[in-house]
Amino acid sequence: MQATKLEFARALERFTLGGDAPKRPVEAELLPTGWPELDELLSGGLPRGRLIELRGVASSGKTALAFATAARASAAGQLVAWIDATGELHPPSAAQAGVELARLLVVRPPRTPLAAARAAEILARARIFALVVLDLPAALPDRAAARLRIAARDAGAALLVIGGEAPHAALRLAIAPQAPQAERGEHETDRRGLSVTVLKGSATGARAEVTLGRPALTRTFHSPEALQALGVASPTAAARAEPGA
Amino acid sequence: MRILCLYLPALPLQVQVRRAPHLAGAPLGVLLARSTQAQSPSGPPRIVAVSRAALAAGVRVGMTALQARAAAPEALLVDGAPAAWAEARCALAEALLAFSVTVDISDPSGLFAQVPSGVRGATFGEQALEAAAGLGLIARAGIADDRFSAWVATQFAARQFAATPLAATPLAATPLAATQFAATQFAATQFAATQPRPHAPVWVVPPGGSARFLAPLPLGLLPVGEAAARTLALLGVRTIGDFAALPAPSIGRRFPVGEINAHELAQGRDPRSLTPFFPDEPICEFVDLECEMTELEPLAFMLRPLLERVARRLVGRGRAAARVALTLSGPGGASTRIELVPAHPTPSARTLVELARAHLAERTLVHPVTTVATSVVEESELEARQTSLFERDDFPHDALELATQRLTAAFGEAAVFGTRLRERHRPEGSWEPIRFSLPDPRVKQRPRPKPALPAPHQLAPTLPLSPGALRLLDPPTPLASPPGSPPDPSATPSAPGGTLQLLGALRRIVTARGPLRLEGEWWAPASFARDYYEVTTDDGGRYWLYRDRVDGRLYLHGVLD
């Protein structure tokens with residue numbers, strides 16, 4: 001269905017009169033996040049040509065979602081830009097999440113939202129980046145957000161803002177970690193539950209539960225069990241070895 | 001072998017106008033200091049070249065500055081710089097190397113180049129003239145079987161031939177007499193009739209026709225010396241053809257032949273071969289502005305011809321610019337330096353102009369500009385582009401380059417980068433910034449050994465085990481003890497139930513995993529020894545802490561977001 005819509009929109013664009021008008025990107029293009037539950041909620045993924053805000057507290061999973069989307073985009077041969085206005089991007093972690101570093105451009109502007117917005121606008125106007133992630137230390141000013149919204153629409157790039165509010169975002173998601181359930185021992189497993197809620201968008205109010213597993217590429221010998229076997233078990237590992245404790 | 005000669009009339013004047021284009025059309029005279037003038041080793045500096053406007057005002061070559069100012073007070077007299085003249089000739093030679101395998105600049109009378117086989121002389125000459133025009137120089141081209149005939153042909157290739165006399169050959173250094181000039185004009189008229197385009201600046205002597213071409217020309221063009229020419233004239237030998245018809249033994253006895261055999265020249269058999277020119281000087285181009293510029297936008301227009309000259313020279317060298325410096329100089333020694341770094345080494349003037357514009361658009365000028373200079377700081381090999389009908393590359397590399405340059409101009413070169421993993425156990429050192437560029441499929445890459453890079457799974461020791469993306473704090477944040485509790489360096493975060501002040505909030509630790517001991521670089525002063533822990537807080541947050549085994553303090557190093 002999506003493909004049919006896309007073809008129809010392209011055909012319409014091709015036959016639209018008035019060649020001087022700036023070409024608008026087809027709205028139906030989506031960037032899948034790689035999280036099936038969320039992609040289903042968003043009808044396929046994050047929309048391109050939109051300013052998207054991802055809200056969440058520290059350690060809520062915002063960066064994981066951005067990495068997952070960037071990984072899908074870079075694997076599809078698209079370019080991704082990461083505006084690291086917090087200076088906290090760790091490329092090995094991105095590589096572990098599947099991001100092709102060869103297709104990831106990193107910009108570290110001064111740690112202000114305005115500088116990051118300026119960088120994002122330059123990147124969006126280049127019209128070659130499928131995804132531009134703005135990792136902000138604070139909220140975007142209203143005017144800068146409005147400019148970014150226009151730039152995203154004109155360029156057809158998805159501008160994903162994490163770490164700060166974006167006033168004019170077309171899609172706003174809230175992400176939160178699920179509270180650990182220590183009594184069931186879930187915190188000891190290498191799984192993590194996240195909850196993504198659509199605050200603004202076509203499916204406002206809908207929510208998706210996402211479970212993250214341990215990265216496939218991590219080695220397995222560094223575990224409490226291994227530590228215990230090596231005789232250097234931490235108190236946590238010792239506690240786990242005795243379920244009744 | 002066919003040889004092209006490029007003659008640069010009034011080179012001192014051209015070099016001056018090339019550097020300061022606003023002087024074109026002005027009554028301009030170029031003075032040369034006496035120390036550099038071979039003909040008049042003593043006395044004040046004399047004028048060596050004048051513009052048409054200055055000529056019309058009464059300024060003549062050979063005048064002193066005083067005489068010139070008396071004749072034309074409005075005339076602008078500038079000091080000539082022989083080094084700049086040589087530099088201009090080198091620049092032209094570099095550009096010619098794009099078309100010819102051998103270029104010779106050893107003769108000050110002109111530049112000589114080998115005409116490639118299979119190329120029409122007139123076409124090659126027009127290419128050479130276009131290259132000269134691109135460098136801001138006006139030239140005349142002559143093509144013949146030998147150097148001397150080619151040089152003589154350049155003297156015919158002037159549109160205003162009827163109005164200006166032939167330049168005295170530097171070999172003969174003898175001004176032509178009035179009768180000789182008339183004979184030359186007559187010969188030129190006859191020769192012009194044989195040319196398909198008599199008014200074109202390229203004159204071609206037909207293959208094997210050098211002797212016939214030279215025959216009607218005056219003897220003064222040959223390097224026989226003034227006394228010998230006078231003696232020959234008394235003997236009735238007035239033209240080169242007459243001289244060529246003399247028996248060789250008698251010439252050898254009566255007129256000692258020096259390095260150059262004038263008799264062979266007269267017969268159209270110049271034995272001198274071409275001495276290959278190899279460029280080795282760095283590429284620099286300058287332009288002086290007419291007035292002080294205080295806005296950057298007009299400068300962008302000035303940059304195009306300047307960078308086109310740089311590009312022509314690069315193409316001639318078979319090189320590409322990896323880094324170009326743009327220096328904006330103003331009065332009082334004020335200077336601004338901008339470095340243009342294309343994503344791929346390029347010889348394209350268009351790309352360099354776009355980059356320069358992107359930089360200028362992001363900057364504010366802090367001082368007026370009077371001189372703009374460009375220099376190639378770093379060169380690279382010019383990689384051949386594969387143009388194939390079936391392997392199309394639709395990716396807009398230019399747009400990427402422009403975007404990175406705009407970002408570089410706005411935030412600095414260090415703020416825009418790609419990344420590469422490194423095999424290091426120090427988490428913050430497990431990657432490094434690199435220059436971001438995408439492989440261009442149009443460029444034929446030479447096989448190069450691939451650097452040994454760690455695979456992502458090899459980096460696992462430096463990453464937490466818990467799922468989620470690690471945000472690394474740089475520098476790590478020392479953790480404060482919870483309020484009300486004394487700091488306890490021996491306390492371990494592996495003990496659940498404790499609280500920690502994390503990111504400004506007091507959080508209760510639900511679980512912890514660790515320690516993972518990372519230590520290394522013991523050979524360096526900044527060695528490290530850390531015990532890492534992954535902790536989960538009651539709000540679901542996961543953090544990466546370590547205890548520094550040197551100072552015993554706890555640090556928050558990352559957030560699993």
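Chain A is the first sequence line, chain B the second, and so forth, proteins listed ahead of strands; every chain is numbered from 1.
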If you count the non-hydrogen atoms of other residues, nucleotides and ligands that lie under 6.0 Å from [atom1] in [X], is the total more than 12?
| X | atom1 | result |
| --- | --- | --- |
| B/Arg406 | CZ | no |
| A/Arg207 | CZ | no |
| A/Arg147 | CZ | no |
| B/Arg549 | CZ | yes |

Atom [atom1] in [X], atom [atom2] in [Y]: separation rounded to 0.5 Å?
| X | Y | atom1 | atom2 | result |
| --- | --- | --- | --- | --- |
| B/Leu472 | A/Leu89 | CG | CG | 9.5 Å |
| A/Leu212 | B/Leu560 | CG | CG | 10.5 Å |
| A/His90 | B/Trp431 | NE2 | CH2 | 9.0 Å |

Worksheet item: A/Ser59 side chain to B/Arg542 main-chain N or O, any donor-acceptor pair under 3.5 Å?
Response: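 A pair under 3.5 Å: yes.
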Taking all non-hydrogen atoms of both residues into account, name the closest pair between [X] and [Y] and its distance.
| X | Y | answer |
| --- | --- | --- |
| A/Phe67 | B/Ala469 | CD1-CB, 3.2 Å |
| B/Phe411 | A/Pro110 | CD2-CD, 3.5 Å |
| B/Leu400 | A/Ile128 | CA-CD1, 3.2 Å |

Worksheet item: Tell me, do B/Leu473 and A/Glu88 make a side-chain contact under 4.5 Å, heavy atoms counted?
Response: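 Side chain of B/Leu473 against side chain of A/Glu88, heavy atoms only: contact under 4.5 Å found.
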Fill in: Non-hydrogen side-chain atoms of B/Phe436 and A/Leu104 separated by less than 4.5 Å
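In short, these two side chains do not touch, never coming nearer than 4.5 Å.
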With a 4.5 angstrom heavy-atom cut-off, could you sort out which part of [X] is near chain B: side chain, backbone, both or neither?
| X | result |
| --- | --- |
| A/Leu65 | neither |
| A/Asp84 | neither |
| A/Ala102 | backbone |
| A/Leu105 | both |
| A/Ala68 | neither |

Fill in: Of all pairs that satisfy salt bridge (charged side-chain N to carboxylate O under 4.0 Å, His left out), the ones with a partner from residues 58-81 of chain A, not counting sequence neighbours
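Sorted pair list: A/Lys62-B/Asp561.
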Worksheet item: Highest number of heavy-atom pairs under 4.5 Å with chain B: which of A/Pro177, A/Pro91, A/Ser93, A/Ala126?
Response: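 Maximum pair count with chain B is reached by A/Pro91.
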Discussion item. Shorter than 4.5 Å, heavy atoms on both sides: which option in A/Ala94, A/Gly193, A/Ala115 has the most such pairs with chain B?
Written reply: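 Highest number of heavy-atom pairs under 4.5 Å: A/Ala115.
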Proximity breakdown for [X] and chain A, heavy-atom pairs closer than 4.5 Å:
| X | answer |
| --- | --- |
| B/Thr408 | neither |
| B/Phe417 | both |
| B/Val559 | side chain |

Worksheet item: Passes side chain to side chain donor-acceptor pair (under 3.5 Å), B/Arg471 versus A/Thr63? Steps please.
Response: CA-CA 8 Å; B/Arg471 298 171 66 92; A/Thr63 312; 2.9 Å; yes
